[in-house]
Enquirer: 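Here it is, the structure, as structure tokens.
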Amino acid sequence: MHYENDKLAVDALHQFYKDIRNEIGKVVIGQDEAVKSVLISILSNGHCLLVGVPGLAKTLLVQTVADVLDLNFNRIQFTPDLMPGDIIGTEILGEDRTFKFIKGPVFSNIVLADEINRTPPKTQAALLEAMQEKSVTAAGHKHILPKPFFVLATQNPIEQEGTYPLPEAQLDRFMFNVQLTYPTFEQELIIVRNSTGNNPVTLKKLINADQIQFFQRLIKTIPVTDNVLEYAVKLTGKTRPGSPLSTPEINQYVNWGAGPRASQFLILGAKCHAAISGKYAPDIEDVQAVAEAILRHRIVRNYRAEAEGLSVEKIIQNLL
């Protein structure tokens with residue numbers, strides 16, 4: 001892909017984004033915020049955690065995104081007996097008496113980790129290492145994962161029996177934590193009408209792996225003014241109890257605040273949010289637009305907040 005200057009490239013990204021949204025909208029009804037967050041995290045080279053009750057089209061959303069983006073897609077259903085080798089691959093003894101590495105399903109552009117909280121920590125760690133390093137080590141050899149590499153994990157909040165919740169340190173690897181909500185009455189009517197009739201939808205493939213990598217590099221080059229940079233870093237600082245920036249509410253209700261990764265993701269997310277909105281540089285509104293999904297899983301409330309029914313979302317809104 002070649003554009004005469006970055007301004008034209010951002011215009012192209014804005015148009016691509018609109019086309020992709022329209023195409024996904026043919027299959028995924030509603031869930032606009034979730035679709036937007038997933039696309040921003042792909043373009044920002046981050047990973048995404050989708051949280052919602054069964055039947056809210058989490059898997060459908062990921063499959064549709066993979067179709068429209070012309071990327072390889074693998075789905076891993078996490079279960080309590082899943083082993084790390086089932087994800088990253090295993091060494092087998094070949095006919096010529098040498099060991100060969102058979103790649104696991106993690107070797108794909110988009111990996112859907114379905115119900116990641118249903119598998120033990122050892123297996124979660126294998127996936128999280130791949131997310132962080134973008135490579136896999138097996139029998140002492142390093143295997144590089146394909147680019148772009150993007151993990152979308154889903155988590156089911158209602159079944160807590162027999163689950164292994166992701167530790168806070170591992171949640172931090174995810175750029176976004178997106179909460180999916182029930183569709184409205186009108187949206188559900190459309191969903192039921194479309195899914196129970198016989199009208200298959202064929203999706204156009206709009207953008208490929210090379211183009212996505214081009215846009216990922218472009219987003220990093222978007223300039224940010226000092227006041228936006230300072231706003232993002234201050235916002236993260238405010239979430240830390242006992243810090244010079246924290247508010248009385250944070251000191252009273254929060255055990256643990258967001259780390260430096262949150263500041264990085266706020267700026268990257270704001271750059272991408274600006275670009276897909278047709279702007280050439282992010283402002284404070286762009287930081288605010290991505291703040292909730294970035295901070296939600298990085299703030300740990302204390303028992304007092306839980307007792308008083310103060311949600312993480314409310315705490316974030318008060319900071320904004």
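What you see is a predicted model, and the numbers here were worked out from it, not measured in a lab. Values reported hereafter were calculated over all heavy atoms of this structure, with side chains retained and with hydrogens, waters and symmetry mates removed.
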Enquirer: Does any non-hydrogen side-chain atom of Leu235 lie less than 4.5 Å from one of Leu320?
Expert: yes
Enquirer: Honestly curious: do Ile219 and Leu8 fall in one hydrophobic cluster under the side-chain, below-4.5 Å linking rule?
Expert: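 Yes, same cluster.
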Enquirer: If we ignore angles and hydrogens, is there a donor and acceptor under 3.5 Å between the side chains of Glu188 and Tyr182?
Expert: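 Looking only at side-chain atoms, Tyr182 and Glu188 do not form any donor-acceptor pair under 3.5 Å.
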Enquirer: Please list all pairs passing the side chain to side chain donor-acceptor pair (under 3.5 Å) test where one or both residues lie in residues 57-72, with sequence neighbours left out.
Expert: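 Output for this query lists Thr59-Asp114.
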Enquirer: Please find the pair of heavy atoms, one from Ser44 and one from Cys272, that lie closest to each other, and give the distance.
Expert: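 Closest pair (atom of Ser44, atom of Cys272, distance): OG-CB, 3.6 Å.
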Enquirer: Kindly say whether Pro148 contributes a backbone atom to a donor-acceptor pair with the side chain of Asn45 at under 3.5 angstrom?
Expert: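 Not at all, since once roles are kept as given, no pair shorter than 3.5 Å links the two residues.
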Enquirer: Using only atom types and a distance under 3.5 Å, with no angle test, would you say the side chain of Asn251 pairs donor to acceptor with the backbone of Pro248?
Expert: no
Enquirer: Group every Ile, Leu, Val, Met, Phe, Trp and Tyr by side-chain heavy-atom contacts under 4.5 Å, then state whether Ile222 and Phe214 land in the same group.
Expert: yes
Enquirer: Could you pull out the closest heavy-atom pair between Asp172 and Phe265, with the gap in Å?
Expert: O-CE1, 4.2 Å
Enquirer: Can any side-chain N or O of Thr239 pair as donor or acceptor with the backbone N or O of Ala258 at less than 3.5 Å?
Expert: yes
Enquirer: Quick one: list whatever passes side-chain hydrogen bond (donor to acceptor under 3.5 Å, both in side chains) with Gln213, sequence neighbours left out.
Expert: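 So Gln213 forms no side-chain hydrogen bond (donor to acceptor under 3.5 Å, both in side chains) with any residue.
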Enquirer: If hydrophobic residues (ILVMFWY) are linked whenever their side-chain heavy atoms come closer than 4.5 Å, directly or via other members, who joins Leu166 in its cluster?
Expert: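 Leu166 shares its hydrophobic cluster with Leu49, Val51, Ile76, Phe78, Leu82, Ile87, Ile88, Phe101, Val106, Phe107, Val111, Ile116, Leu127, Leu128, Met131, Val136, Leu145, Phe149, Val151, Leu171, Phe174.
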Enquirer: Could you go step by step and tell me if Lys279 and His273 meet the side-chain hydrogen bond (donor to acceptor under 3.5 Å, both in side chains) rule?
Expert: CA-CA 9 Å; Lys279 296 190 289 194; His273 190 272; 5.6 Å; no
Enquirer: Quick one about Asn318 and Lys314 (side-chain donor to acceptor, distance below 3.5 Å, no hydrogens or angles considered), yes or no?
Expert: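 Present: a donor and an acceptor within the cut-off.
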Enquirer: For Leu203 and Glu23, which heavy atoms make the closest approach, and how far apart are they?
Expert: CD2-O, 3.3 Å
Enquirer: Would you indicate whether the side-chain heavy atoms of Leu50 and Val38 approach each other to under 4.5 Å?
Expert: yes
Enquirer: Rest of the hydrophobic cluster containing Leu189 (Ile/Leu/Val/Met/Phe/Trp/Tyr, side-chain heavy atoms under 4.5 Å)?
Expert: Phe185
Enquirer: Hey, what do you get for OH (Tyr17) to OG (Ser277), rounding to the nearest 0.5 Å?
Expert: 7.5 Å
Enquirer: Who pairs with Gln216 by side-chain hydrogen bond (donor to acceptor under 3.5 Å, both in side chains), at least two apart in sequence or on another chain?
Expert: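 Gln216: no side-chain hydrogen bond (donor to acceptor under 3.5 Å, both in side chains) contacts found.
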Enquirer: If we ignore angles and hydrogens, is there a donor and acceptor under 3.5 Å between the side chains of Glu292 and Gln317?
Expert: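 The criterion, which ignores hydrogens and geometry beyond distance, is satisfied for Gln317 and Glu292.
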Enquirer: Should Asp286 and Val228 count as side-chain neighbours, where that means a heavy-atom distance under 4.5 Å?
Expert: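 Result no, sub-4.5 Å side-chain heavy-atom pair not found.
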Enquirer: Ignoring hydrogens and geometry, is there a side-chain-to-backbone donor-acceptor pair from Ser246 to Ser243 under 3.5 Å?
Expert: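 Present.
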Enquirer: I'd like to know if the side chain of His47 and the backbone of Phe150 have a donor-acceptor N/O pair within less than 3.5 Å.
Expert: no
Enquirer: Are the side chain of Lys100 and the backbone of Gly94 linked by a donor-acceptor contact shorter than 3.5 Å?
Expert: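 Absent.
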Enquirer: Distance check, rounded to the nearest 0.5 Å: Ile92 atom CD1 versus Ile102 atom CD1?
Expert: 4.0 Å
Enquirer: Taking Gln31 for its side chain and Thr181 for its backbone only, find out whether a donor-acceptor pair lies under 3.5 Å.
Expert: yes
Enquirer: Keeping to residues at least two apart or across chains, list the salt bridge (charged side-chain N to carboxylate O under 4.0 Å, His left out) pairs with something in residues 233-252.
Expert: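 Listed once each, the pairs would be none.
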Enquirer: Go through the side-chain N and O atoms of Asp19 and Gln15 and say whether any donor and acceptor fall under 3.5 Å apart.
Expert: yes
Enquirer: Return the minimal non-hydrogen interatomic distance between Pro146 and Asn109, and the atom names on each side.
Expert: CB-ND2, 3.9 Å
Enquirer: Looking only at heavy atoms, which two atoms of Thr236 and Ser263 are closest? And how far apart?
Expert: OG1-OG, 3.0 Å
